[in-house]
Structures are given as C-alpha cells and as structure tokens.
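I'd like to ask you about the structure that follows.
Keep in mind that this is a model prediction, so the values were computed, not measured.
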Amino acid sequence: MLIMKQTTENHTIYKLITPISIGAGLIVTVFGALGLIGWYTHTYILVQISSQFAPMQYNTALAFFFLGLNLLFVIKYPRLSALLSIMVFLLGALTLIQYIFYINVGIDQLFLKTVVLAKTSNPGRMAPNTALCLMLASSAIFFNLDVISFPSKRYLAIVFSALTMALGFIALIGYLADLPTAYGWGKLTGMNIISAFCFTMAGIGLSALSFRYFIHELTGRNFIPILIIVVGCVFFILLWQSLVADQNQKMILKVKDDAEQIKTEIDEKVMTYNLALARMEKRMDYQNYASQTAWLYDAKLYLDDMKPYQAIIWMPEGQATPWIAVNNNITLTNLDKQKLQSCLHQAQMNTMPNDFMIMVPPQQNLEQFCIVRYSAKGYLVGLVNMQAFLKDTFSDLNDEYYQIMLSKNNNNLEIHHAIGQVLSNEWMIVLPLSQIDEQLKLSVQPTDEFLQKKNSILPIIALIVGSLLTLLLALALRFWIVANHERKELAEAIKNREALDTRFQAITVSANDAIIMLDKVGRIVFWNEAAIQMFGYLLSEVSGQFYYNIIIPPRYIEAQKKEFEHFLITGEGPGSGKNFEMTAITKNGTEFPVEVSISTVTIDDKWEGIAVMRDITERKKSNAIIQHQANYDALTDLPNRILFYERLKLSVSNADRLQSWVSLLSMDLDGFKSVNDTYGHEVGDEVLKEVSHRLLQCIRQTDTATRLGGDEFAIILTNIHNKTEISLVAQNIIDQLSQPYNIGSITVMVTASIGITIYPVDAADQKELLTKADHAMYMAKKSGRNKFCFFA
C-alpha cells in the first residue's frame, strides 16, 4: 500500500480521545445508576438536589444509565451499543411525541416509581428538552457506528454531539444563574440539574468520540461550517423557546382576560338581582308597607319573573315573624327555614356598609346565596339558588376550552365542564367574587384543547426555517472554502513542483528508480524521469491526480483507498517505515511487480511523502529460476528428491481426505551401466533425458515422475481405486522404455524394473511406502527384469 506517515501531533491527539469518551461514559453511567438507586430506595437527594428543582424522573435515570453504557461499549461492542442507542432514542422520541401531540401513550406511567417530588406538567414524564437531548445523543452514537453508511454521517455525529453538550450546558448555567427559561420550556417540566450536568458530560464524550473518527477531516475547511451549524442551531433553539414562552404568556393573559369577563358577567347578574329587590323595596315604601297579603302577591310576581329566586323574605323592624314568599317550584314546608333564619341572623349581625349586602351562608355549601337589603322599616332578603343563578348567567356559554369552578371553604361547585384533559394548576386563574363573598373564589382552568386551538406554529416554523438557513449557510460556506482551498492547493502544488524540479533535479535525473512525491491526501505533485520511463506518463498528465488512480491496477484501487484512509486516522499501515512489494500498472495496462520505499519530508512547511519504486521484474525471474533449480533435476527437468518428498506427503494427505489410493512406483533402469561404460556419460545423459520424456508421456498431469539420482526414478500415481489402473500404467512404462534409443548414430537398448506399493493397502505412512516399493523393485529384478512387481 502506498501511504505516508502522519504527523505526530494528530496521532497524540488521537490517543487522548478514547480516555475522554470513556471517562464521560463512566460519569453518566454512575449518575444514571445513582438516580435508579434513589428511586428504588426512596433516597430523594439522589434524584432531586433541592425541593425547588424538578426531580430526575425514573425514566430519565434509566436512559442515562443506558447512555453511559453506550459510551463505554461503542468502541469494542458496536452491536450492543447500537441496541442501547435505539432504546434511548425510542424513550426520548415517545416522550417528545406526547408533548407535541398532547397525548399519553402510557410511557410515563410505565416508569412511574413513586410520587412526583416537585411541580411537573405530567407526573412521571421527563422534560421535553431532556427527551430531545436523549434523541440527539443516541443519534450521535449511532452515527459513529459502522452499522449504517451514508455520506456526512460523521458531520451529523459532530453536530448532534455539540447540540447535546450546548443544551446541557445552557441548562446548567440556567440553574447557576437562576434563569428558568434556560432549563425549562414554557410551563412544561424543566430539565433537572443532574440531567443538565450529565448531558454536558455526555456531549463532551460524544464530541471526543466523533472527533476520533473525524480527526483527519476536521481542518480549517470544515471547522467554520460546523461552528456555524452549532451556533446557529443553539441560537434558533433559544429563539424557539423565547417564542414559545412569549406565546404561553399571551395564552395565560387570554385565560386571565376570559376569567375576568366571566367574573364580570357574574357581578353584573348579581347586580340585576339586587336591583330587582331594590325595585320591590321602593314599591313597598310607596305603598307604605301595606298588608302582608298585598306584599305576598307582589313578591309572587317577582318570583315568577326571576326563576333563580327560591324565596323572598320581609322582616319588619321590631317583629319576630317574617313574611315569606316562596317560588312555585318549592313549598313552604320544603324550604329550609333555618337557612332563611341564618340569612336574617347574619344580616342583623353584620354592619352593612351600604343599603344592601350579598352573602353565602357557610352551612349552605354553595347551594344558595342571599341578597339582603336594609331600610329603616326592616330587612328585605332574597334567597337565590346558586345553580339556577349560574345557569341563567351562562345560558350562552358554549366554550369547550375551560373548566370553571366556584369554591369556598373547600367546597366546590362546577359551573362548566369542558371537553379534553385539564391542564396543570400552573395554567389556572383564580379570582375572588368579592361582590358576593370575600371567601368565594372563581377558578378558570384551560384544557389541552385550548392549547391546540390557541397555539401558533410560528415557533416551530422559526426553528425549522432557522435550522435550514443555518445548514444552507454552512454548506455554502464549506463549498466556497473547499473550492478556494483546492485552488490554493493546486497553485501551491504547481509552485512546489517548480521548486522541486530545481531542488532535486540532480538527484532525480541520475536516479534509476522511480521517485514519486505526494501531498498529504495522496495526490501526485512530482515524479522523475525514471517514473516516466517506468509508467509511461508525463509529469503534466499525473500532476494533481491521486496516485491510486494512476499506478494501482483497477481491481486494487478501492482496497488501496481504504488502507490510505485508515492510515490517515491511525498512522498505521503496511507502508509505514519499511519496504514492501506491490503490483503496479503502466499507462498501456501492463502490470509488473515493484518494490516500494516510503519516507516523509517537510518542504516550505508543507508535509509531503516520497515513494521510491524499483522494477523488480528481473529479480522475480531470477528468484523463480533459483526456486526451480532447487526443486528440479538439472539434467531431466523432473522434480528432484526434495520436491518428490513434498508431493508424496501431500498425496498421502489427499488420499486420506478423498478416501482413495496413492501408488508409488520405484523404478531402476536395466543395463544402463553398460551404456555408460560402452558409450560414455554423454550418451548416458541423453538416454536419461529420453527416459524422462517417455515417462511423462505415460502418466497424467496430476501424477509425478521424479529422478531420485543416477538411473533411479520414482512415479507417484494419485486418486487410484484399483490395481488394474496401476498395472496398465506400469506396463505402458515398461513397453515405452524398452523401445530402442537412437542417440546420434548409436542405438542402445535399456529396460526397466518397477516395484509397486499402494497406500494405505501396503503401508501406513510415506516412509514405509518407500521402503516397500524398493523391496518390490528388487523382487522384479530378481525375477528376470523388464517387468513390474507389486509388493507382497
């Protein structure tokens, strides 16, 4: 592989990254475990540092425990880490869905272990910013794994890690500076201070983890766009929260205005009823307080006209018995006279600041209230049914967004029940109905339907549009930086090439080896005349091109790119600090072996690599010749004794595996010594060559014919299943070798004696096979020669 040694600085930073991520993972795991222990043992200090702060919910503690394990397992156990990431992401996503769509999928009750220790918008539910941070953190871990592959996933991991750290740090600062808007979104549950600290630590660990895979990319061309994305996202998240807080404040004002309107309607209706009694009082004064019969008749007319009145009582001054007029819907016997007496008694006991007063007798439990008018002649009292009065007052009230209640002394009376889930008490507006009773309270509480109706999509639009604008700005800036950077690099490459041409001309011109110079990303900036001769490219054709696209065969390019990227990350690879061999390719497509030596230099403060390549085609050929001479007979070119033993051992192993036979034929030439003695060794050598040629004609390509020395030969027959096959081969060899040998003008005759053994029939190993084959060959010689004999 053609790669270059990386700078020591990046390699040192790389070594510091893993301890940072592991340390952050330990911190998050410990705090998550402490939170779980706190819930199980009811040690609330572990989940809520102060009663003024929101607690770390049980599901939040569980998520932090999994997130911390994620940071610890992500490097060595990626599959387990992927599973934990999915669990944490789902926990955060389901919680956030509940907030967005105002639903309850049961995830809160599933993890609700005990009572809530502080005011929260939903019992057992983690804060929405906590849920968002869990999704960001788990996504950052998932993008750092190799289980998925898509462009720019490392960039997303960096962005999500930075956002997690930023949101956690902002919440932590909010607690320290007493800024609730920094850790709480509107009226919803705020991020716990322990969670804020854990997210800050997790963000640091995740950033380090992302930087571990990103170290060779995080240069000037990427840092500024990433910084813009992080700052922009944080800014628009804060803007989003500001708009949400402003919107919530406007909705609270809306609830308050509506409550004031409801109170006004009640007060106006009360005055209407009071004025009715005032008119009756004037009529009584005009008639000089006539007889009881005339008064009762007049009172009945008022009761028929104003249905909520249950009774009207006149208590003349100085008389013990009041005059009582009762509504047609009730009888005098059904009317609780004690309530009337209570109203009269309270009226007489109270010092009336005006000519009338309105009161709710405590024993009446909000069922009635009294309107009492005072004059010098006595008390005029109207007993009003509260439900009928409220029905008359709100006859046109069709608002589905509020639940309206009256309360006094822990007694409640529901005026209007709305559709939907009532929001928390933080949204409730309570107003005193002082005109009726100082202790009587009007409560107006909105529902989730109110939020859905009144909520504006402006905050989420601001967040989405702002995030997109930030991303587009970062991308545009990065494209500009990359284009400008590449333009400068190309100009510098040309400049460096000219400088190197002069600086190293004396060396490169005289060098017989190809010298190639590369920049830090693997592009060719120079090569010498020997490289031109070796590869066939001019310098102008390859300048600025990646080396692997020029000198590496196509089938190896992808592997070479991956090895080069691995080297940039780790500083390790087969080409670092040593010579190695590889296959190169010329311009016309010819492949050839080269030996490569790599070193690094710094020229004009620029780090570059130098590769020296030598064509080792002739060396390979020489090594092949030497290897052949070591394993083959110099005279006959048959395998020699060394290669024979190797092939016999392999044949025996294959026979065991294939359940077949191996036959060994040990052969000696008959009468060969007389040929040497009569005609000389030159003729004898020619006879041996012809014997070797005839042997090869008698056997298969999978078989082996070997010259062991002198006139001794051996033949290995493989994949044999019966003796008939062996006999046919042996007889053919005897027939062929017994034919005359015409050596120039000389004709000689030799024959062969062959001994045959079979594995595993005759022998259990190759040594025994050789011994018995030689024995069989001697038996063939004794029995007349020019024949073959099986071992028996």
Between E581 and K620, does any NZ, NE, NH1 or NH2 come within less than 4.0 Å of an OD or OE carboxylate oxygen? yes
Aromatic rings F535 and F592: how do their planes relate, parallel, tilted or perpendicular, breaks at 30° and 60°? tilted
Taking S138 for its side chain and M135 for its backbone only, find out whether a donor-acceptor pair lies under 3.5 Å.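 Checked: pair present.
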Could you tell me whether a side-chain N or O of N528 sits under 3.5 Å from a main-chain N or O of D513, the two making a donor and an acceptor? yes
Checking the side chain of S195 only, and the main-chain atoms of M191 only, is there a donor and an acceptor separated by less than 3.5 Å?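 Not a single qualifying donor-acceptor pair exists.
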Test: salt bridge (Lys or Arg N to Asp or Glu O under 4.0 Å). Region: residues 534-551. Which pairs qualify, not counting sequence neighbours?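 Matches after skipping sequence neighbours: E541-K587.
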Any side-chain donor near an acceptor of the partner, S653 and D656, under 3.5 Å: no
Aromatic plane relationship, F73 with Y77 - under 30° parallel, 30 to 60° tilted, over 60° perpendicular: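 The rings of Y77 and F73 stand perpendicular, inter-plane angle above 60°.
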Hey, is the main chain of L708 close enough, under 3.5 Å, to the side chain of T706 for a donor-acceptor pair?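 Between the backbone of L708 and the side chain of T706 there is no qualifying donor-acceptor contact (under 3.5 Å).
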Are the aromatic ring centres of F160 and F143 under 6.0 angstrom apart?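 Yes; F143 has its ring centre under 6.0 Å from that of F160.
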Without swapping roles, check the side chain of N640 against the backbone of L643 for a donor-acceptor pair under 3.5 Å. yes
Closer than 4.0 angstrom, basic N to acidic O: yes or no for K649 and E646?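 Result for this pair is no, no salt bridge flagged.
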Quick check: does any side chain N or O of S543 sit under 3.5 Å from a backbone N or O of L539, one acting as donor and the other as acceptor?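 Such a contact is absent between S543 side chain and L539 backbone.
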N549 side chain vs Q545 backbone, donor-acceptor pair below 3.5 Å: no
Could you check whether F64 and F199 have their ring centres less than 6.0 Å apart?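 Ring-ring flag for F199/F64: true, centres closer than 6.0 Å.
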Looking at F169, is its backbone amide N or carbonyl O close enough to the side chain of T200 to form a donor-acceptor pair, meaning the two atoms are under 3.5 Å apart? yes
